[in-house]
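Heads up, the thing below is written out as structure tokens.
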Amino acid sequence: MSSVVLQRTLASPCTVEGIGLHSGKSVKVTLLPASENSGIFFRVGKTIIPATIQHVEDTPRCTTLKKGEKQISTIEHFLAACWGSKIDNLEVEVEGEELPGGDGSSIFWFNIFREAGFQVQSSPREYLVLENSIKIGENHHYLFAFPDDEFRAWYFLDGGESYHFSQAMEFSESDNSFSKLLSARTFAFSWEVKEILRRGWGKGVREKAFILDEKGESSVPLRFPGEAAGHKILDLIGDLMLAGKRIKGYFIGIRSGHTLNREMVRMMMEDRK
């Protein structure tokens, strides 16, 4: 018989101030313990936005939640840190429209959660357990999901047919290596930089993110081999939290990103029905 895992929230409130990853604007966030079974939700002004797929506004290069006229962007790194910190219930008050980006990874939030401490609650944690295989994608970008008794992921990254490099990373939740994975920073390919600057993305993290060139070499020393592929798994984990609960399944990503991640959540929710 498997042991029951109980839900968790933070032990005490805390306030964080920082710079939005893409906007570069100052933002203030207050984290508050939340009651069991309430899930993770954002409060922007008087508007409450649950961190669920039903409130996702499809945007490029990040995940955004929207309800009415209020929205909050770049939530994926925060939600990945919640998964890695075993947080199930949390109220997040935001003064701004984007969460602080830290160094472009999730370790910023992971460390804040540890400092605040954790409170074990009385209700058991519920999981979304995959029962069927799912495949989505096209044009060399794919995301697969298979039934498994834990969460595992493998990701393949390359620069496309014109460039001769690739990297891959495998992650298993049972390996207890979440702190390493959550330290994987956001990145861009060198041929994307001009467009990123034109669109005004990444203003809050340009000195911290890394660039991969045509040979797959990084502009700064990597924290671990395959850090770019690791960040893609981090994004996947954050987006999968939009299911409203953790998932047991084996995911394989091949050049996939936020769009396929979110579509996978929608497919899993529909399959569960």
Side-chain angles (χ1 to χ4, degrees), residues 7-119 182-183 185-186 196 199-209 231 234-235 237-239 241-242 244 258 262:
Q7 296 176 24
R8 296 210 305 181
T9 187
L10 289 186
S12 59
C14 63
T15 299
V16 181
E17 296 187 35
I19 303 298
L21 188 150
H22 287 296
S23 67
K25 296 179 180 179
S26 297
V27 60
K28 181 178 179 180
V29 177
T30 301
L31 306 175
L32 300 165
S35 59
E36 57 193 52
N37 300 312
S38 60
I40 298 168
F41 59 94
F42 296 87
R43 186 185 297 274
V44 185
K46 297 182 179 180
T47 302
I48 295 176
I49 312 177
T52 58
I53 193 67
Q54 291 86 350
H55 298 285
V56 167
E57 180 85 355
D58 287 330
T59 50
R61 302 196 78 93
C62 72
T63 294
T64 299
L65 297 175
K66 185 175 183 180
K67 186 176 181 182
E69 298 300 316
K70 300 294 186 179
Q71 69 177 42
I72 180 67
S73 297
T74 320
I75 62 166
E76 62 272 16
H77 302 164
F78 176 85
L79 292 179
C82 287
W83 185 318
S85 302
K86 300 180 174 61
I87 293 175
D88 302 280
N89 307 301
L90 192 62
E91 180 177 351
V92 189
E93 294 184 354
V94 185
E95 297 178 31
E97 294 187 351
E98 184 183 25
L99 293 184
D103 64 358
S105 74
S106 292
I107 205 67
F108 170 78
W109 292 111
F110 184 73
N111 290 334
I112 288 170
F113 296 156
R114 288 197 302 177
E115 290 178 8
F118 305 102
Q119 176 65 50
L182 295 177
S183 71
R185 296 161 294 177
T186 192
I196 289 172
R199 290 180 175 266
W201 292 331
K203 291 179 180 178
V205 77
R206 288 176 184 171
E207 302 301 320
K208 302 169 185 175
H231 187 82
L234 182 153
D235 281 344
I237 291 172
D239 288 338
M241 280 287 279
L242 296 169
H258 289 300
R262 297 187 294 249

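As the structure is a prediction and not an experimental result, all values here were calculated from the model.
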Query raised in the report: Going from CD on E91 to CG on L32, what distance comes out if it is rounded to the nearest 0.5 angstrom?
Result: 5.0 Å
Query - Shortest non-hydrogen contact from R185 toward D103 - result: CG-O, 3.5 Å
Query raised in the report: Is it true that a side-chain atom of K203 and a backbone atom of K25 form a donor plus acceptor pair closer than 3.5 Å?
Result: no
Query raised in the report: Is the count of non-hydrogen atoms from other residues, nucleotides or ligands lying under 6.0 Å from E97 atom CD greater than 12?
Result: no
Query raised in the report: What are the two closest heavy atoms between C14 and A116, and how far apart are they?
Result: SG-CB, 4.2 Å
**Report entry** side-chain contact (heavy atoms from CB on, under 4.5 Å) evaluation trace for D235 with H77
**Finding:** CA-CA 7 Å; D235 281 344; H77 302 164; 3.2 Å; yes
Requested in this report: Give the minimum heavy-atom separation between S106 and A81, together with the two atoms involved.
Outcome: O-CB, 3.8 Å
**Report entry** Gap between atom CG of L10 and atom CZ of F118 - 0.5 Å precision
**Finding:** 6.5 Å
Query - Exercise: identify the closest heavy-atom pair between Q7 and N89 - result: OE1-ND2, 2.8 Å
Query raised in the report: Tell me, which pairs form a ring pair (Phe, Tyr, Trp, His ring centres under 6.0 Å) where one or both residues lie in residues 39-62, sequence neighbours left out?
Result: F42-F78
Report task. Assess whether side-chain contact (heavy atoms from CB on, under 4.5 Å) is satisfied between I237 and L182, documenting all intermediate values. Result -> CA-CA 10 Å; I237 291 172; L182 295 177; over 6 Å; no
Requested in this report: Output yes when a side-chain donor or acceptor of H22 lies under 3.5 Å from a complementary backbone atom of W201, and no otherwise.
Outcome: no
Query raised in the report: Is a donor on one side and an acceptor on the other found under 3.5 Å between the side chain of K67 and the backbone of I48?
Result: yes
**Report entry** Test item: C82 and W109 side chains (from C-beta on) under 4.5 Å apart, heavy atoms
**Finding:** no
Query raised in the report: Where do I87 and M241 come nearest, in terms of heavy atoms and distance?
Result: O-CE, 4.3 Å
**Report entry** Whether Q119 side chain and P33 backbone form a donor-acceptor pair below 3.5 Å
**Finding:** no
Report task. Any chance you could measure I19, atom CD1, to E98, atom CD, to the nearest 0.5 Å? Result -> 10.0 Å
**Report entry** For I53, the option from L65, D239, L242 that meets side-chain contact (heavy atoms from CB on, under 4.5 Å)
**Finding:** L242
Requested in this report: Would you check, one step at a time, whether the test side-chain contact (heavy atoms from CB on, under 4.5 Å) holds for W83 with L79?
Outcome: CA-CA 6 Å; W83 185 318; L79 292 179; over 6 Å; no
Report task. Look at the side chain of S35 and the backbone N and O of S38, then say whether any donor-acceptor pair between them is shorter than 3.5 Å. Result -> no
Query raised in the report: Side chains of T64 and E57: is there a donor and an acceptor less than 3.5 Å apart?
Result: no
Requested in this report: Looking only at non-hydrogen atoms, find the nearest pair between V27 and G20 and report the distance.
Outcome: CG1-N, 4.4 Å
Report summary line: Rounded to the nearest 0.5 angstrom, the NE2-OG distance for H231 and S105 is 8.0 Å
Query raised in the report: Is there a side-chain contact between T63 and T74 (heavy atoms, below 4.5 Å)?
Result: no
Requested in this report: Examine distances only and state if a side-chain atom of R8 and a backbone atom of S85 form a donor-acceptor pair shorter than 3.5 Å.
Outcome: yes
